[in-house]
Number of protein chains: 2
Amino acid sequence: MVTRREVAEQAGVSPSTVSRVINNNGYVAEDVRKRIEAAIAELNYIPNRAAQNLRMKSYKQIACLTPSISNPFYSEMFAGIEEMALEKGYSLSLYNITKERRNYLRQVVEGPYDGMILLAPYELSSIMDFNKGALKMPLSVYWDRPEKADIPHVFVDMEKVMRQSVEYLIESGHKEIIYLGHYDENQANPRYKGYKDAMKAQGVPIKEYYKKSIGTYEDKLTVGYDAIKVLLGNGQPFTAVAATNDSLAAGAIRAIIESGKKVPDDISVIGVDNIELAKIVTPTLTTMNIPKIEIGRLLVKQLLDQIHNERKMERNIEGEVTLIERESVKKN
Amino acid sequence: MVTRREVAEQAGVSPSTVSRVINNNGYVAEDVRKRIEAAIAELNYIPNRAAQNLRMKSYKQIACLTPSISNPFYSEMFAGIEEMALEKGYSLSLYNITKERRNYLRQVVEGPYDGMILLAPYELSSIMDFNKGALKMPLSVYWDRPEKADIPHVFVDMEKVMRQSVEYLIESGHKEIIYLGHYDENQANPRYKGYKDAMKAQGVPIKEYYKKSIGTYEDKLTVGYDAIKVLLGNGQPFTAVAATNDSLAAGAIRAIIESGKKVPDDISVIGVDNIELAKIVTPTLTTMNIPKIEIGRLLVKQLLDQIHNERKMERNIEGEVTLIERESVKKN
DNA sequence: CGCTAATGTGGTCACGTAACCATAACTTAC
DNA sequence: GTAAGTTATGGTTACGTGACCACATTAGCG
């Protein structure tokens with residue numbers, strides 16, 4: 001390994017002067033600078049990162065935790081995170097934190113990171129346990145609702161989003177609207193609440209909903225397909241499906257088409273997320289766009305604000321959701 | 001920040017003794033160990049990672065470079081990489097290296113990593129440029145053919161895979177088989193070569209192929225759809241499609257079904273990769289399984305063998321590919 | 001000319017750790 | 001009883017860096 005000292009010897013100066021060239025501060029004569037730069041190039045010198053970290057008390061690294069990077073929603077958000085982080089000179093460690101892998105959390109929290117971004121709300125309590133006392137590390141979380149607890153986060157109010165989605169269907173003339181998504185009476189799922197509120201507000205009776213617990217992302221396409229297939233088999237009458245995400249919606253479309261009905265002429269489908277899939281399915285999917293790239297960038301910004309002790313940091317940032325009208329909803 | 005010294009004072013011993021407890025080497029009296037462990041817990045002491053890295057001359061971190069983590073092929077491979085890396089006590093930094101982001105390569109190579117895994121062959125030359133002389137860092141590459149150059153890699157021989165895929169179609173009674181994938185006469189694309197050889201060997205005339213350059217993963221579903229739609233519109237007669245990956249195959253299926261024909265009764269489709277999508281489309285996709293998790297694990301193993309100077313490291317490891325028969329190919 | 005400021009360079013130190021060496025007390029063995 | 005080992009602990013050092021201080025030398029200015 002080449003050190004600063006060797007570069008200094010090669011250039012016939014002291015290590016201090018080499019430092020000044022590298023960090024570009026203090027006075028250095030022009031010819032000396034040239035000599036040192038030549039020595040650096042010749043010896044292929046790279047500053048030792050561990051020594052820098054130790055001296056600067058900073059790693060220039062961020063840990064990013066997600067339940068599954070193969071979920072396109074998270075991988076797109078990660079793209080935004082990466083973009084901003086690289087711009088700011090930070091690099092990213094990625095962890096897929098599944099339930100079986102909780103025991104690696106300690107390794108993450110004790111790792112060489114200046115801060116942590118969390119894309120999975122369900123792990124929050126475990127993280128907070130670790131993140132007490134001396135373990136405390138700046139943290140920024142993506143959340144699906146405004147958070148009461150005092151954790152800096154970027155959120156999308158899913159209750160509102162679902163309400164808007166259902167309102168759009170109602171405005172388009174639909175009355176018999178299926179809720180396709182996870183449902184849990186006790187947890188008061190915000191997505192279900194949004195659906196229910198929109199239906200009630202318009203005096204539309206809540207017809208049906210799908211409440212089977214939903215597994216990984218990969219399952220979702222199957223789950224949406226299976227659920228709608230069952231409902232169609234039951235002879236359940238409905239003209240629209242409001243899915244809580246695009247993967248479920250895509251599965252629903254597949255089930256409807258397979259049954260011989262047409263989307264959107266017979267049954268309309270709306271999703272949430274606007275992942276790439278939404279542009280690819282036939283018909284293309286009308287959905288609520290969640291600005292994933294922008295949210296990713298905001299998460300990094302919020303985290304770096306904490307790391308750098310910015311006073312004007314926003315603790316609760318709301319992502320702006322917009323309706324993307326494509327082909328899967330029929331307007332009467 | 002709590003240091004080893006403070007723990008030592010709290011426990012009434014010297015820092016050396018604390019080290020011995022933490023690293024679990026040397027002699028420590030049982031009661032002293034207890035006292036020290038109590039002090040560590042009370043003060044929430046965590047060894048400083050930067051100091052450890054400096055002292056040990058190792059980061060316990062691996063950089064993983066891929067063209068796009070949102071490509072399910074790579075994200076599944078990443079899952080295997082992560083699994084093995086965490087087992088071995090290493091964590092992973094992930095970089096999406098797109099063309100515009102080449103200038104970040106230097107940042108990667110100079111980063112706090114003990115080694116590098118590369119999932120994108122096309123970047124190899126840039127990496128090798130950086131990876132000369134003092135910059136040299138252990139490297140392990142996933143490649144789609146046996147590599148002549150002396151770079152440790154895990155590979156799948158795509159020429160062979162494609163040949164097997166086409167042979168399977170021919171054995172199933174097909175003669176008019178469309179090659180759906182990237183094609184470039186000059187580059188002698190191994191996938192296309194495999195297709196061509198299989199066709200020739202069976203005396204089947206090469207009927208047609210799709211040669212438009214293919215962009216990102218997200219494009220592929222559209223590209224496959226568009227290409228087959230054009231061919232069907234042309235009245236081009238064919239009974240089977242051999243796609244170079246599952247995404248293209250899925251697009252093809254969509255185009256065929258939309259045209260009113262049936263898969264596999266009218267037209268059979270086979271893919272390569274066996275990503276999750278293959279199980280989800282209707283009909284489910286017959287494809288060549290590439291053992292992505294296993295390849296990921298092997299890449300890490302191979303890399304760590306280099307880092308630890310294992311003598312018995314294998315430089316060229318071949319991944320074993322198998323046919324997965326599902327519903328999209330009709331056998332006559 | 002003489003005083004202050006600007007420019008240029010080298011020396012020293014601490015960051016927190018793991019490895020090594022020194023030392024001391026206590027065992028064991030003959 | 002003493003030499004050799006075992007157990008237990010503390011002290012010292014180096015890893016490579018960036019910040020700081022000390023000290024030259026030169027430039028600017030009345």
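Proteins get letters first, then strands, A, B, ... in listed order; numbering begins at 1 in each.
- Residues B:Y113 and B:S93 bring a donor and an acceptor atom of their side chains to less than 3.5 Å of each other.
- Proximity of a side-chain donor or acceptor of B:D273 to a complementary backbone N or O of B:I275 within less than 3.5 Å is not detected.
- The structure places CG of A:L119 at 10.5 Å from CG of A:N96, a figure rounded to the nearest 0.5 Å.
- Put simply, chain B comes within 4.0 Å of DNA chain D, heavy atom to any atom, from D:dT7 to D:dG16, going 5' to 3'.
- In this structure the side chain of A:K60 reaches within 4.5 angstrom of the side chain of A:R49, judged on heavy atoms.
- Counting any heavy atom pair closer than 4.0 Å across all strands shown, B:N23 reaches sugar-phosphate atoms only and no base atom.
- Distance CE (B:M56) to C1' (C:dT17): 9 Å, rounded to an integer number of Å.
- Look at A:Y27 and you won't find any side-chain N or O under 4.0 angstrom from OP1 or OP2 of C:dG8.
- A heavy-atom distance below 4.0 Å to DNA chain D is reached by none of the residues of residues 31-42 of chain A.
- Under a 4.0 Å N-O distance rule, the pair A:E82/B:R101 qualifies as a salt bridge.
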Q: Indicate for each nucleotide in nucleotides 11-16 of chain C, in 5' to 3' sequence, whether protein heavy atoms under 4.0 Å reach the base (B), only the sugar-phosphate (S), or nothing (-).
A: BB-BBB
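- Across all strands shown, A:N25 has heavy atoms under 4.0 Å from sugar-phosphate atoms exclusively, and none from any base.
- Between the side chains of B:Q302 and B:E314, not a single donor N or O lies within less than 3.5 Å of an accepting N or O.
- Between the CD1 atom in B:I62 and the CE atom in B:M116 there is a gap of 11.5 Å [rounded to 0.5 Å].
- Between A:I69 and A:L94, the shortest heavy-atom contact is CG1-CD2, 3.6 Å.
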(Q) Checking B:R297 against B:E83 for the salt bridge (charged side-chain N to carboxylate O under 4.0 Å, His left out) test, could you report, in this order, the C-alpha distance in whole Å, the side-chain angles of both residues, the deciding distance, and whether it holds? (A) CA-CA 7 Å; B:R297 296 180 61 92; B:E83 205 176 275; 2.6 Å; yes
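- No more than 12 heavy atoms of other residues, nucleotides or ligands lie within 6.0 Å of CZ in B:R5, so this atom counts as exposed by the packing criterion.
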